[in-house]
Amino acid sequence: MNKLKNILFLTSSLILVNCKAKIIDEQKNRIFSTYDSSWYFFNLEDTINVKILNHLKNEIFCGIVTLASVSIVVDDKGNVFRVLDLCNMSDYAVNENIRLIPAEKPNFHVNLPYRFYINPITKKREQYEIDKKTLNTTYAYIEKISH
């Protein structure tokens, strides 16, 4: 009976952890959340080189919960889009050139970091404009380009 109680407790704990939609990290002005419903997902056809405009590193190891880093990038044609890279804990600098290797959108829940600021007028948390305006989103593996 105790084994059954332990199994039920562990199972319900895992479900609660996976169902949690937002974890607030006030010190870094980040919220870990799920996809924005306005994002348009597309698949990269080929490996491409892009430049980082903004990068939010995933700072938690994947395990029970899956997280992805979030990068806003621009390609050589001037197209700006969001890149999600599962379990990537690397950091990239603004204007750093990187390589994107196509990846499939997973069929499971992924938590994402995003930035916010406190609007001095409304005193509410708001997303930065580039985060709100960048709707095209893809999954890819990010690779540093060595020089």
Side-chain angles (χ1 to χ4, degrees), residues 1-75 79-119 122-145:
M1 189 67 177
N2 280 340
K3 283 186 181 181
L4 181 59
K5 284 182 182 178
N6 288 340
I7 290 172
L8 288 173
F9 174 75
L10 289 174
T11 303
S12 61
S13 297
L14 289 174
I15 290 170
L16 288 174
V17 167
N18 284 326
C19 290
K20 193 168 188 177
K22 292 186 178 184
I23 303 168
I24 298 176
D25 181 354
E26 295 288 348
Q27 292 177 335
K28 294 188 179 181
N29 289 336
R30 294 182 184 185
I31 295 177
F32 292 87
S33 71
T34 56
Y35 305 128
D36 187 311
S37 61
S38 64
W39 293 356
Y40 168 75
F41 282 90
F42 70 97
N43 290 324
L44 282 178
E45 299 295 322
D46 297 306
T47 298
I48 61 170
N49 293 342
V50 296
K51 184 184 290 189
I52 293 280
L53 298 178
N54 181 271
H55 175 74
L56 291 175
K57 166 179 144 167
N58 166 25
E59 297 184 9
I60 303 170
F61 287 110
C62 286
I64 296 171
V65 177
T66 304
L67 292 104
S69 64
V70 179
S71 303
I72 306 292
V73 301
V74 60
D75 66 14
N79 298 314
V80 176
F81 55 96
R82 179 181 291 100
V83 177
L84 307 177
D85 188 3
L86 290 177
C87 303
N88 182 352
M89 295 181 67
S90 297
D91 205 5
Y92 306 98
V94 172
N95 294 322
E96 182 175 351
N97 291 311
I98 58 169
R99 181 170 292 118
L100 299 180
I101 301 165
E104 294 288 319
K105 180 181 177 188
N107 59 0
F108 49 83
H109 179 78
V110 177
N111 288 301
L112 308 169
Y114 72 87
R115 304 175 304 150
F116 67 87
Y117 70 99
I118 305 299
N119 183 318
T122 65
K123 306 292 185 217
K124 293 183 181 179
R125 287 190 189 110
E126 294 185 13
Q127 283 184 293
Y128 288 85
E129 284 302 310
I130 193 169
D131 296 333
K132 289 193 283 189
K133 289 181 180 178
T134 305
L135 302 180
N136 291 331
T137 304
T138 191
Y139 274 89
Y141 302 110
I142 298 175
E143 186 177 84
K144 287 193 179 228
I145 299 175

Mind checking what makes side-chain contact (heavy atoms from CB on, under 4.5 Å) contact with A103, not counting sequence neighbours? Y139, Y141
Distance, nearest 0.5 Å, that separates CZ of F41 from CG of N136: 10.5 Å
Flag, side chain of H55 to backbone of S69, donor-acceptor distance under 3.5 Å: no
State, with a plain yes or no, whether a side-chain heavy atom of I142 is found less than 4.5 Å away from one of S90. no
Nearest 0.5 angstrom please: F42 CZ to T137 OG1, how far? 7.5 Å
Taken to the nearest 0.5 Å, the spacing of L53 CG from K51 NZ works out to 8.5 Å
Hey, what do you get for CG (N79) to CD1 (I48), rounding to the nearest 0.5 Å? 8.5 Å
N88 vs N58 side-chain heavy atoms within contact, under 4.5 Å: no
Pairwise distance CZ(R99) to OG1(T47) - rounded to 0.5 angstrom: 7.5 Å
Among V73, D85, V83, L84, find the one that has a side chain to side chain contact (heavy atoms under 4.5 Å, CB included) with T138. V83
Can you find a pair of side-chain heavy atoms, one from T66 and one from P106, that are under 4.5 Å apart? no
Search all heavy atoms of L44 against all heavy atoms of A140 and return the closest pair with its distance. CD1-CB, 3.9 Å
When rounded to the nearest 0.5 Å, the distance separating CD1 of I145 from CG of N49 is 3.5 Å
